[in-house]
> 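There's a structure below that I have some questions on.
Just the heavy atoms: all of them, side chains too, but no hydrogens, waters or symmetry mates, feed the values below.
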Amino acid sequence: MPILDCSVATCVHNEENRCCLNSILVDGQNAEKEEETKCSSFAHRTEGCCNRCGEDPKVKLVVDCKAVDCIYNKDRLCSASHIDISGRQAKNSEETLCASFTAK
């Protein structure tokens, strides 16, 4: 399982650059570069809201990945040792990306 660093501070699942979900989904089936990927697990945090999962943030978690042309995609799971999800001020999943995406 990859170590996740998530800078998407506007996501309800983000707490201290970690994710409180057990797994996330990186989308980008036809992605050829990182800008064509996104975190489909993103949910916008409204003002005054905090981590709504009710669980502690995870350092390592399962990353389901639809970016089939990424070198880390192994049978639709991310095999990278470390993954970065970016999109600091995202308001929707399209404004996020997998900064660790590397094309084959």
> How long is the gap from CG on Asp27 to CG on Leu97, to the nearest 0.5 Å?
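Taking CG in Asp27 and CG in Leu97, the distance rounds to 13.0 Å.
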> Under the 3.5 angstrom rule, does the side chain of Asn14 hit a backbone N or O of Cys6 as a donor-acceptor pair?
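Side chain of Asn14 to backbone of Cys6, a donor-acceptor pair under 3.5 Å: yes, one is there.
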> Return yes if some donor-acceptor pair links the side-chain N/O of Ser86 with the main-chain N/O of Ala99 below 3.5 Å, else return no.
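No; zero donor-acceptor contacts below 3.5 Å.
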> I'd like to know if the side chain of Ser81 and the backbone of Ser79 have a donor-acceptor N/O pair within less than 3.5 Å.
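It does not hold such a pair.
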> What are the two closest heavy atoms between Lys91 and His44, and how far apart are they?
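Closest approach of Lys91 to His44, heavy atoms only: CA-CD2, 3.4 Å.
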> Does CD belonging to Glu94 count more than 12 external heavy atoms closer than 6.0 Å?
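Yes, enclosed.
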> Please report the shortest heavy-atom distance between Ala31 and Asp69, naming the atom on each side.
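Closest heavy-atom pair between Ala31 and Asp69: O-CB, 3.8 Å.
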> For Asp5, what residues pass the side-chain hydrogen bond (donor to acceptor under 3.5 Å, both in side chains) criterion, not counting sequence neighbours?
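side-chain hydrogen bond (donor to acceptor under 3.5 Å, both in side chains) list for Asp5, sorted by chain: Arg18, His82.
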> Starting at CD of Glu35, measure out to CZ of Phe101 and round the result to the nearest 0.5 Å.
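Answer rounded to 0.5 Å: 9.5 Å.
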> Go through the steps for His13 and Cys19 under the test side-chain contact (heavy atoms from CB on, under 4.5 Å), then give the verdict.
CA-CA 5 Å; His13 308 301; Cys19 187; 3.9 Å; yes
> Yes or no on side-chain contact (heavy atoms from CB on, under 4.5 Å) for Arg88 and Ser7, after CA distance, side-chain angles and deciding distance?
CA-CA 5 Å; Arg88 186 162 297 285; Ser7 65; 3.7 Å; yes
> So, taking the atom named NZ in Lys58 and the one named CD in Glu15, what distance separates them when rounded to the nearest 0.5 Å?
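The distance works out to 10.0 Å.
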> With distance as the sole test, does Arg45 use its side chain to make a donor-acceptor pair with the main-chain N or O of Thr10 at under 3.5 Å?
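No; judged by distance alone, with no hydrogens or angles, the pair does not exist.
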> Does some side-chain heavy atom of Glu36 sit less than 4.5 Å from a side-chain heavy atom of Asn30?
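Contact flag for Asn30/Glu36 side chains = no.
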> Rounded to the nearest 0.5 Å, what separates atom OG in Ser23 from atom CG in Asp64?
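Answer rounded to 0.5 Å: 5.0 Å.
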> Test your reading of the model: is there a side-chain donor-acceptor pair from Lys74 to the backbone of Ile71, 3.5 Å cut-off?
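At least one qualifying donor-acceptor pair exists.
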> Do Thr96 side-chain atoms and Cys39 backbone N/O form a donor-acceptor pair below 3.5 Å?
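Judged by distance alone, yes, a pair lies under 3.5 Å.
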> Looking at Ser40 and Ser93, what are the two nearest heavy atoms and their distance?
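Scanning both residues completely, I find the closest heavy atoms to be CA-CB, 4.4 Å.
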> Please report the shortest heavy-atom distance between Met1 and Lys60, naming the atom on each side.
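Heavy-atom minimum between the residues: O-CD, 3.8 Å.
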> Restricting to non-hydrogen atoms, name the atom on Leu61 and the atom on Leu21 that form the minimum distance, rounded to 0.1 Å.
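So the two residues come closest at CD1-O, 3.9 Å.
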> Is there a donor-acceptor pair closer than 3.5 Å between any side-chain N or O of Thr37 and the backbone N or O of Gly28?
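Side chain of Thr37 to backbone of Gly28, a donor-acceptor pair under 3.5 Å: no, none is there.
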> Rounded to the nearest 0.5 Å, what separates atom CD in Gln29 from atom NZ in Lys66?
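Reported value, rounded in 0.5 Å steps: 7.0 Å.
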> Passes side-chain contact (heavy atoms from CB on, under 4.5 Å), Cys98 versus Ile83? Steps please.
CA-CA 7 Å; Cys98 178; Ile83 182 174; 3.7 Å; yes
> Could you tell me the separation between the CG atom of Asp84 and the CG atom of Asn17, rounded to the nearest 0.5 Å?
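Atom-to-atom, Asp84:CG and Asn17:CG are 9.5 Å apart.
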> May I ask whether Phe42 and Leu4 are part of the same hydrophobic cluster, defined by side-chain heavy atoms of I, L, V, M, F, W, Y residues being less than 4.5 angstrom apart, directly or through others?
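Yes: a chain of side-chain contacts under 4.5 Å links Phe42 to Leu4.
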> Within the structure provided, determine whether Val26 and Val63 are in side-chain contact (heavy-atom separation under 4.5 Å).
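In short, these two side chains touch, coming nearer than 4.5 Å.
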